[in-house]
Amino acid sequence: MAKKVGFVGLGIMGKPMSLNLLKASFDVMVFDINQDAVNVLVEAGATAGSVAEMGETCDCIITMLPAAPHVKSTILGENGILKNANKGLVIIDMSSISPVDSVEIANEASKYGVHMIDAPVSGGEPKAIDGTLSIMAGGKEDVFESIKDVLQAVGKDIVLVGDNGSGVTAKLANQIIVNLNIAAMSEALVLAAKAGIDIDKMYRAIRGGLAGSAVLDAKVPLILDRNFKPGGTIAINMKDLTNVMDTAHNMDVPLPLSSHLLEIFHALKADGKLMDDHGGIVQYYEKLANVEVKRVEK
């Protein structure tokens with residue numbers, strides 16, 4: 001029999017991930033406060049249910065939620081997953097939360113005989129759609145192996161980094177690299193735009209060298225098209241960078257570039273850009289230089 005997988009959180013990432021679980025022939029039960037998203041999954045073959053019902057009937061449950069308070073209420077709340085959870089249930093939290101919160105939830109779940117794997121992802125909406133997300137996991141190896149087939153339905157590069165909390169720590173490191181890469185790229189694009197050169201040609205000239213990156217290839221074409229439809233919002237990435245700084249300060253790790261980028265996110269929030277894609281970081285630099293990065297009109 002196919003595993004019964006619960007999925008909580010059918011947003012930009014969660015909806016396509018749930019669809020990929022259905023394509024992989026898992027028995028999927030879904031929940032979201034957005035009923036339209038639930039209806040899409042039900043039409044695709046999932047069943048709808050409460051998180052408490054998932055705890056009673058599912059083999060494992062994936063949570064893909066915006067922040068730690070949502071994860072905690074879903075798992076630990078009065079009508080949460082643990083309320084009547086079967087012993088041996090595996091909760092796979094794929095949200096991006098702090099290591100402190102993740103370990104706290106895992107420890108509480110263990111009191112109910114429930115296992116937890118923190119397994120945040122990287123790759124954004126495109127890789128959620130095609131099922132090739134990078135997944136960095138934390139938890140016990142035997143538990144990880146027992147649900148690896150579920151992870152393989154939504155991801156490609158799947159690595160158990162260490163014990164509980166290791167996956168979300170790796171995700172914080174990932175977010176530093178991705179967002180600072182976007183910021184560095186933005187500075188370069190704005191410089192080139194102000195100089196009046198063709199940005200598309202410059203991009204094609206540099207992408208094969210050391211300046212080339214997955215970030216460059218993913219974001220430059222969208223910026224040139226002025227397309228800031230979110231694959232990963234500034235709001236979500238600002239939350240992640242806040243977690244980065246909180247975690248770093250607790251360990252006496254100074255992160256001067258990350259702290260500056262967090263202030264840039266706050267500036268973008270004040271400018272009404274909170275729900276733009278994080279490629280929209282470029283708009284902060286554009287405003288400083290009074291220039292716009294766009295395609296040259298032929």
Side-chain angles (χ1 to χ4, degrees), residues 12-13 16 96 121-134 136 156-157 170-242 244-245 255-298:
I12 290 172
M13 301 291 287
S96 295
V121 304
S122 181
E125 185 182 17
K127 289 186 178 291
I129 291 170
D130 66 19
T132 61
L133 290 163
S134 294
M136 48 220 90
K156 183 180 178 184
D157 298 312
K171 172 68 174 186
L172 294 183
N174 177 86
Q175 295 304 78
I176 292 172
I177 295 168
V178 169
N179 286 292
L180 284 177
N181 199 336
I182 294 173
M185 176 193 75
S186 297
E187 287 197 4
L189 294 177
V190 167
L191 172 69
K194 194 78 173 189
I197 70 172
D198 186 319
I199 305 297
D200 188 43
K201 288 181 179 177
M202 182 194 80
Y203 161 60
R204 285 185 276 130
I206 68 173
R207 66 188 296 262
L210 276 178
S213 69
V215 163
L216 196 75
D217 288 340
K219 300 302 181 183
V220 170
L222 296 177
I223 290 170
L224 288 174
D225 289 337
R226 309 308 294 170
N227 178 4
F228 300 117
K229 179 185 174 184
T233 62
I234 286 169
I236 289 292
N237 285 277
M238 186 168 80
K239 178 263 297 180
D240 288 344
L241 263 290
T242 301
V244 162
M245 295 313 304
L255 298 175
L257 294 178
S258 296
S259 64
H260 182 63
L261 181 54
L262 184 55
E263 290 304 308
I264 290 174
F265 279 141
H266 280 285
L268 288 162
K269 177 186 176 185
D271 200 26
K273 310 294 188 186
L274 197 60
M275 297 313 294
D276 283 359
D277 184 80
H278 56 160
I281 290 171
V282 73
Q283 295 168 105
Y284 170 83
Y285 293 98
E286 289 175 333
K287 199 167 186 178
L288 291 179
N290 191 28
V291 71
E292 190 174 86
V293 177
K294 58 186 178 183
R295 295 190 189 279
V296 174
E297 292 184 11
K298 304 298 183 184

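- Here the shortest heavy-atom pairing between A128 and P16 reads O-CB, 3.7 Å.
- Looking at every heavy atom in both residues, P256 comes nearest to S259 through O-OG, 2.8 Å.
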Side-chain donor/acceptor pairs under 3.5 Å, residues 174-186, sequence neighbours excluded:
{"from": "N174", "atom 1": "OD1", "to": "S122", "atom 2": "OG", "distance (Å)": "3.4"}
{"from": "N174", "atom 1": "ND2", "to": "S122", "atom 2": "OG", "distance (Å)": "3.3"}
{"from": "Q175", "atom 1": "NE2", "to": "N237", "atom 2": "OD1", "distance (Å)": "3.0"}
{"from": "Q175", "atom 1": "NE2", "to": "D240", "atom 2": "OD2", "distance (Å)": "2.8"}
{"from": "N179", "atom 1": "OD1", "to": "H278", "atom 2": "ND1", "distance (Å)": "3.0"}
{"from": "N179", "atom 1": "ND2", "to": "Q175", "atom 2": "O", "distance (Å)": "3.0"}
{"from": "N179", "atom 1": "ND2", "to": "N237", "atom 2": "OD1", "distance (Å)": "3.1"}
{"from": "S186", "atom 1": "OG", "to": "I182", "atom 2": "O", "distance (Å)": "2.7"}
{"from": "S186", "atom 1": "OG", "to": "V282", "atom 2": "N", "distance (Å)": "3.4"}

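- The salt bridge (charged side-chain N to carboxylate O under 4.0 Å, His left out) check on K294 picks up E292, with sequence neighbours excluded.
- Residue pairs meeting the salt bridge (charged side-chain N to carboxylate O under 4.0 Å, His left out) criterion with at least one member in residues 179-195: none, sequence neighbours excluded.
- Every residue meeting the side-chain hydrogen bond (donor to acceptor under 3.5 Å, both in side chains) condition with K287, not counting sequence neighbours, appears here in chain and number order: D271.
- You'll find the side chain of M275 stays beyond 4.5 Å of the side chain of P230, heavy atoms only.
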Stepwise side chain to side chain contact (heavy atoms under 4.5 Å, CB included) check, V291 with V190: CA-CA 7 Å; V291 71; V190 167; 3.7 Å; yes
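- Within the 4.5 Å cutoff, the side chain of I236 has no heavy atoms near those of the I12 side chain.
- Between atom NE2 of residue H266 and atom CG of residue L274 there is a gap of 9.5 Å, rounded to the nearest 0.5 Å.
- Between the CZ atom of R295 and the CG atom of D225 there is a distance of 4.5 Å, given to the nearest 0.5 Å.
- When each of V293, L189, V296 is checked for a side chain to side chain contact (heavy atoms under 4.5 Å, CB included) with L224, only V293 meets the rule.
- For the salt bridge (charged side-chain N to carboxylate O under 4.0 Å, His left out) condition, the pairs that include at least one residue of residues 213-222, sequence neighbours left out, are R207-D217, K219-D277.
- By the salt bridge (charged side-chain N to carboxylate O under 4.0 Å, His left out) test, R204 pairs with D200, sequence neighbours left out.
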Stepwise salt bridge (Lys or Arg N to Asp or Glu O under 4.0 Å) check, K273 with E286: CA-CA 13 Å; K273 310 294 188 186; E286 289 175 333; over 6 Å; no
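- Within the 4.5 Å cutoff, no side-chain heavy atoms of F265 are placed close to those of T242.
- Side chain of K171 to main chain of V121: a donor-acceptor pair is present (N/O by atom type, distance under 3.5 Å, no hydrogens or angles).
- The structure places OG1 of T233 at 14.5 Å from CZ of F228, a figure rounded to the nearest 0.5 Å.
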V244/L262 under side chain to side chain contact (heavy atoms under 4.5 Å, CB included): CA gap, chis, key distance, verdict: CA-CA 10 Å; V244 162; L262 184 55; over 6 Å; no
